[in-house]
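A short worksheet on the structure shown next.
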Amino acid sequence: MKKTALTIGLAVLALVIGVFVGTLPKHSTEGYPLTGHTFNTFKGGSLDLAALRGKKVVLNFWATWCPPCVEEMPELSALYPALKAQQVELIGIAVDNTANVNTFLEKTPVSYPIALAGFGGSELAEKLGNSQGGLPFTVVLDEDGNVLMKKAGRIQMSEIKAALDP
């Protein structure tokens, strides 16, 4: 009899815990388009893009050898503090070799984080809608990773602002 009561008690406890856990908010990165993409950063360390889930994100794919990429970087750098204040992440994804990026950023610093993706960044850009593979490519994602805006070519800061404030 004691074993049966103990078994029933444990079953009820497990059910209560299961119901409680089932009501907790889900933070899974399954299905999130940035899952599985972790890159080293220019300033050291690494950046797991899946950790950005729950925030609006602006990803700007660029390379040192791309004139329109280099032209828009000072504007993105100037926009970054306002985006950060709105809890929007701006990440530069360098589709270039690390040595070129390091040399470039030492001469031309930016205020936003730069992920050193190398040519593997092209795969992520394609996954996010850059079917032609050109640079620069900018994509704005909502908190769940849905594409709010994507643009191949030089971006205007007003386009980013409009995508974030529909």
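Side-chain N or O atoms of Thr138 include none that pairs as donor or acceptor with a backbone N or O of Lys151 at under 3.5 Å. A donor-acceptor pair is defined here as one N or O able to donate and one able to accept, closer than 3.5 Å; no such pair exists between the side chain of Glu72 and the backbone of Arg154. The backbone N or O of Met73 lies less than 3.5 Å from no partner atom in the side chain of Ser77, so there is not a single donor-acceptor pair. Proximity of a side-chain donor or acceptor of Asn97 to a complementary backbone N or O of Ala99 within less than 3.5 Å is detected.
For Val147, the side-chain contact (heavy atoms from CB on, under 4.5 Å) criterion is met by Val139, Leu141, Lys150, not counting sequence neighbours. Legend: residues meeting ring-ring contact (aromatic ring centres under 6.0 Å, His included) with Phe104, ordered by chain and number and at least two apart, are Trp62. With sequence neighbours excluded, the residues forming a side-chain contact (heavy atoms from CB on, under 4.5 Å) with Glu143 are Lys56, listed by chain and number. Listed by chain and residue number, nothing satisfies the side-chain contact (heavy atoms from CB on, under 4.5 Å) test with Pro109 (two or more places apart in sequence, or in another chain).
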Please table the atom pairs, donor to acceptor, closer than 3.5 Å between any side-chain atom in residues 119-136 and protein atoms at least two apart or in another chain.
| residue | atom | partner | partner atom | Å |
| --- | --- | --- | --- | --- |
| Ser122 | OG | Phe119 | O | 3.4 |
| Lys127 | NZ | Pro33 | O | 3.0 |
| Asn130 | OD1 | Gly133 | N | 3.1 |
| Asn130 | ND2 | Gly134 | O | 2.9 |

Identify each donor-acceptor pair in which a side-chain atom of residues 83-91 lies under 3.5 Å from a protein atom, sequence neighbours left out, and give them as a table.
| residue | atom | partner | partner atom | Å |
| --- | --- | --- | --- | --- |
| Lys84 | NZ | Glu89 | OE2 | 3.2 |
| Glu89 | OE2 | Lys55 | NZ | 3.1 |

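Trp65 approaches Asp96 most closely through the heavy-atom pair CD1-OD2, 3.6 Å. Summarising the geometry of Pro113 relative to Tyr80, their closest heavy-atom pair is CD-OH, 3.6 Å, with the distance given to 0.1 Å.
Taking OG1 of Thr41 as the reference point, atom CG of Leu116 lies at 6.5 Å (rounded to 0.5 Å). Between Arg53 atom CZ and Asp142 atom CG the span is 9.0 Å, to the nearest 0.5 Å. Separating the CD1 atom in Ile155 from the CG atom in Leu76 is a distance of 8.0 Å, to the nearest 0.5 Å.
Taking the side chain as every heavy atom from C-beta outward, Leu79 and Ile160 approach each other to under 4.5 Å.
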Side chain to side chain contact (heavy atoms under 4.5 Å, CB included) between Leu49 and Ile93: does it pass, once the steps are laid out?
CA-CA 11 Å; Leu49 296 183; Ile93 307 288; 4.3 Å; yes

